[in-house]
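One structure is given below, encoded as structure tokens.
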Amino acid sequence: MQEVTVGIAGAAGDGLDKSGDTLAKSCSRLGLHVYAYNCYQSIIRGGHIWLRVRIGENKVYSHGDNLNVLVALNQDSIERHAMEVEEGGAVLFNSDRLTCEPSQVKAGVQIVGLPMKKITEEVVKEHGALLPIMQNTVAMGAAAYFANVGLEEPSSVLADTFAHKGQKVIDLNVSLLKVGYEFAKANFKPVTKEWKFTHKKRCFLTGNEAIAIGAYAAGCKFYSAYPMTPASTILHWMANHANETGICVKQCEDELSVINMAIGAGIAGARSMCATAGGGFALMTEAVGMAGIMEVPVVCVEVQRGGPSTGLPTKTEQADLWQVYGASQGEFPRLIVAPRDIVDCFNTTVDVFNLADRYQLPVLLMSDLLLSEHPETVDPEVFNGNPVIDRGEIVSEWPESKGKFKRFKFTESGVSPRALPGTANTAFVSASDEQDEESILISDMFTSPATRRKIMDKRGRKIENLLKELPAPVLEGPADADLTLVCWGSTWGPVKEAAELLTAQGIKTNLLNIKYIAPFHAKEVEAILSKAKKKISVEVNYTSQMARFIKGETGISMDAHINRYDGEPMEPLYIVGHVKRILAGVALDYDVTEAEAKDMAYHYIRTHAQEKLRPTAATRESSNGHGEPTWNVELSERATGKLAARMKVGVSTGATYSFEKLAEEK
């Protein structure tokens, strides 16, 4: 498959999002498939932002591992990412103020200095002085040439983007786009051959947007949230579209209010949803149990990020499984589900609203930063905008001839009649205490062990029946595979691509993706994994939480684990490399690599006001009294390339042992 990946790097406030959107939307309109991932920091200005846009003729399921074009908006970005560009690729930068040396790139990489002042002379004459951020548009014109996507669609996207600012602004930006494109065309070669454009229009949206749109399609009428990355963009979509959708949107003072308001709306009969990240969910857990004992339908979205505590607010992780699974004290029916991609985010959200109503229970929908925030192209026909809506056992009337209304009636299915407030003759109590069939509390004066046992049995039957309705996981890939990769949530995309790569390389591989966590298809999973020749779990966490969960439910252990817990997502070649290591019987090496030593040196430079330096080389040395081998990292002046300092980093621990500035020659 023909594909190309363009990376855009700079600081927060440099306009990377708009630049990336221009390229991504242009490719989408041409009928190409796009998957983007933005690695950003919890900062408004400064820091380092790294956006990758992967473009393919066929569907791509991750941001991949390759880099063909780098658009560097500052010197730091060149030094971080130029060496990642593959042979035949290109590094683009403003040569009026930045430099890229041949030693900073691989052989065969085109160094593309854009002389901004010179190539924009005519534009300045016509439109006046340019703002610094407008260098991005020139660079995106050059990137469009290297990606071989032409000028027509990028110009059209810019026209749409700046339509609200008038034709003069549109003309300015299109002119800048053209000069960048023409300069690159006159001096360099594209990094990819011509595409087969289908011009099929596709949606370009994130997982959070898919969840929000799915909630609207499912008839959600109340949404509450407190802004918390990476769940906030659900609130943004809901607030921006509240008038069109008729959804009541409430930004609350904290997550305690968020979930209690959502539960209250559920009691009142509105389909309700709330969302948060791991730290916010920690405040919601007692209320989750309250929804369980009250038998209230409510959907709660938990978007995982790096933890614990505040942790890494803008990085991805899959480490909240135990928190969500153990939410609240006691035992009660609830559905825990983890969609795998953007289409699944939409479909799952629609499904769980129906399941919440029919089984009268809370639903915990688990996502993570990668799935929730990355945008990709999706065929519009896969979305059903008019899904079937099933409100379950809601009674619209209750004549006195039917006797007393029993809100928690003991039924064979475990699901009791539900009446909305105001329905005649259906008065009942919604309490956080245990109750009998008529909603009379049995927690104090009217205690009844027998009633407690039977109402627990009743609620338990709901889970038994729910499990029968949920589709069990199935193997994807060759049934006679030599290797089975086990994953959940957003890791499905890179695992799918890794499995295809391994199979193509002679290691026949399939995968098992776990979507429904509670209730769990223990028998079906046990039957599949007991026949697998070799089982490896793939998770973005430190302790292989899903593998441990599967062992607890089935007794089956994985043969090995592939984990990532540095805040970044799984990538196909990362998985492939570790699979080959495991199959070769090589133990995992936890030592700091040369690249990691340089990264730690960069961190030290940035945090200790040594921005004029950059790491240029690293040599592994004996312990030198530190109790472990060390990396001796050489730091050179950015301006002159002259060696200026050295620092030592522990190979085993990663400790910084010394930073020494060299004496200046006289």
Side-chain angles (χ1 to χ4, degrees), residues 36-43 47-50 52 61-63 206-208 211 227-234 255 275-285 300-327 336-342 344-345 364-374 485-495 498 513-515 517 536-550 558 561-572 574-575 578 588 590 596 599 654:
Y37 169 61
N38 190 13
C39 175
Y40 66 102
Q41 294 171 269
S42 184
I43 191 171
H48 180 69
I49 310 297
W50 178 222
R52 278 172 285 181
Y61 296 92
S62 74
H63 61 268
T206 66
N208 275 350
I211 290 170
M228 190 172 192
T229 303
S232 297
T233 48
I234 300 177
E255 287 81 3
T276 187
F281 188 77
L283 298 177
M284 293 183 173
T285 54
C300 178
V301 180
E302 197 265 4
V303 186
Q304 301 168 93
R305 70 187 201 186
S309 191
T310 308
L312 298 171
T314 62
K315 302 299 179 183
T316 198
E317 201 164 77
Q318 291 182 302
D320 294 356
L321 176 58
W322 297 122
Q323 177 184 219
V324 175
Y325 188 80
I336 304 176
V337 58
R340 69 185 193 181
D341 62 14
I342 286 177
D344 202 20
C345 283
L364 308 178
L365 191 155
M366 298 186 71
S367 181
D368 58 51
L369 183 141
L370 174 65
L371 179 55
S372 279
E373 293 199 339
H374 91 271
L485 299 175
V486 181
C487 61
W488 64 292
S490 67
T491 54
W492 173 81
V495 167
N513 181 73
I514 303 299
K515 176 176 178 177
I517 299 168
I536 300 177
S537 65
V538 183
E539 302 184 54
V540 184
N541 57 49
Y542 183 74
T543 56
S544 304
Q545 292 184 10
M546 180 55 73
R548 290 169 179 256
F549 178 75
I550 290 172
M558 299 295 132
H561 311 281
I562 297 173
N563 302 88
R564 188 164 189 178
Y565 42 87
D566 59 359
E568 297 304 316
M570 281 289 177
E571 295 174 348
Y574 180 94
I575 299 168
H578 280 288
L588 180 61
Y590 290 94
E596 289 175 326
D599 182 69

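Residues: numbered from 1 along the sequence shown.
Contact check on D320 versus R305 returns no salt bridge, with no Lys/Arg side-chain nitrogen under 4.0 Å from an Asp/Glu carboxylate oxygen. Comment: R52 engages E571 in a salt bridge, judged by a side-chain N to carboxylate O separation of less than 4.0 angstrom.
Contact between P313 and L369 at its shortest, heavy atoms only, is O-CD1, 4.0 Å. The two residues G489 and N513 come nearest to each other via the heavy atoms N-OD1, 3.9 Å. Closest heavy-atom contact between P230 and Q304: CG-O, 3.8 Å. Taking all atoms of both residues into account, the shortest heavy-atom contact from G278 to E302 is CA-OE2, 3.3 Å. Heavy-atom minimum distance, V301 versus I234: CG1-CD1, 4.1 Å. Between H63 and P569, the closest heavy-atom pair is CE1-CG, 3.7 Å.
The ring of Y61 has its center closer than 6.0 angstrom to the ring center of W492.
Looking at Q41, its side chain does come within 3.5 Å of a backbone N or O of H48 through a donor-acceptor pair. For the pair R548 (side chain) and T543 (backbone), a donor-acceptor distance under 3.5 Å is present. Side-chain atoms of T491 come within 3.5 Å of backbone N or O of W488 as a donor-acceptor pair. Distance alone, capped at 3.5 Å, places no donor-acceptor pair between the R564 side chain and the E539 backbone. Within the 3.5 Å criterion, the main-chain N or O of N541 finds no donor-acceptor partner in the side chain of E317. Listed for the T316 side chain is a donor-acceptor partner under 3.5 Å among the backbone atoms of L370.
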ask   = Can you list the steps and then say if M558 with I550 is a side chain to side chain contact (heavy atoms under 4.5 Å, CB included)?
value = CA-CA 9 Å; M558 299 295 132; I550 290 172; 4.2 Å; yes
request  = Check the pair Y40 / E373 against side-chain hydrogen bond (donor to acceptor under 3.5 Å, both in side chains), numbers first and verdict last.
outcome  = CA-CA 11 Å; Y40 66 102; E373 293 199 339; 2.8 Å; yes
request  = Report the C-alpha separation of S544 and N563 in whole Å, then their side-chain angles, then the decisive distance to 0.1 Å, and conclude whether the side chain to side chain contact (heavy atoms under 4.5 Å, CB included) test is met.
outcome  = CA-CA 7 Å; S544 304; N563 302 88; 3.0 Å; yes
message = I'd like to know whether K315 forms a side chain to side chain contact (heavy atoms under 4.5 Å, CB included) with C39, so could you lay out the CA-CA distance, the side-chain angles of the two residues, the decisive distance to 0.1 Å, and finally the verdict.
response = CA-CA 7 Å; K315 302 299 179 183; C39 175; 2.9 Å; yes
Test log, rule side chain to side chain contact (heavy atoms under 4.5 Å, CB included), inputs V540 and D368 = CA-CA 10 Å; V540 184; D368 58 51; over 6 Å; no
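Counting only heavy atoms from C-beta outward, the side chains of S372 and T206 never approach each other to under 4.5 Å. Side-chain atoms of F281 and C300, non-hydrogen and from C-beta on, do get closer than 4.5 Å to each other. Taking the side chain as every heavy atom from C-beta outward, V337 and I517 never approach each other to under 4.5 Å. Considering only heavy atoms from C-beta on, S62 comes within 4.5 Å of P572 through its side chain. L365 is listed as a side-chain neighbour of P339, based on a closest heavy-atom distance under 4.5 Å. Residues L364 and Y325 form no side-chain contact, since every pair of their non-hydrogen atoms from C-beta on lies 4.5 Å or further apart. Residues M366 and Q318 form no side-chain contact, since every pair of their non-hydrogen atoms from C-beta on lies 4.5 Å or further apart. Between V486 and I536 the shortest side-chain heavy-atom distance does not fall below 4.5 Å.
Rounding to the nearest 0.5 Å places CG of D344 at 11.0 Å from CD1 of I342. Of the inter-residue distances, the one linking N208 atom CG with S232 atom OG reads 8.5 Å to the nearest 0.5 angstrom.
A side-chain donor-acceptor contact under 3.5 Å links E568 and Y37. Counting only N and O atoms by type, the side chains of S42 and T314 include no donor and acceptor under 3.5 Å apart.
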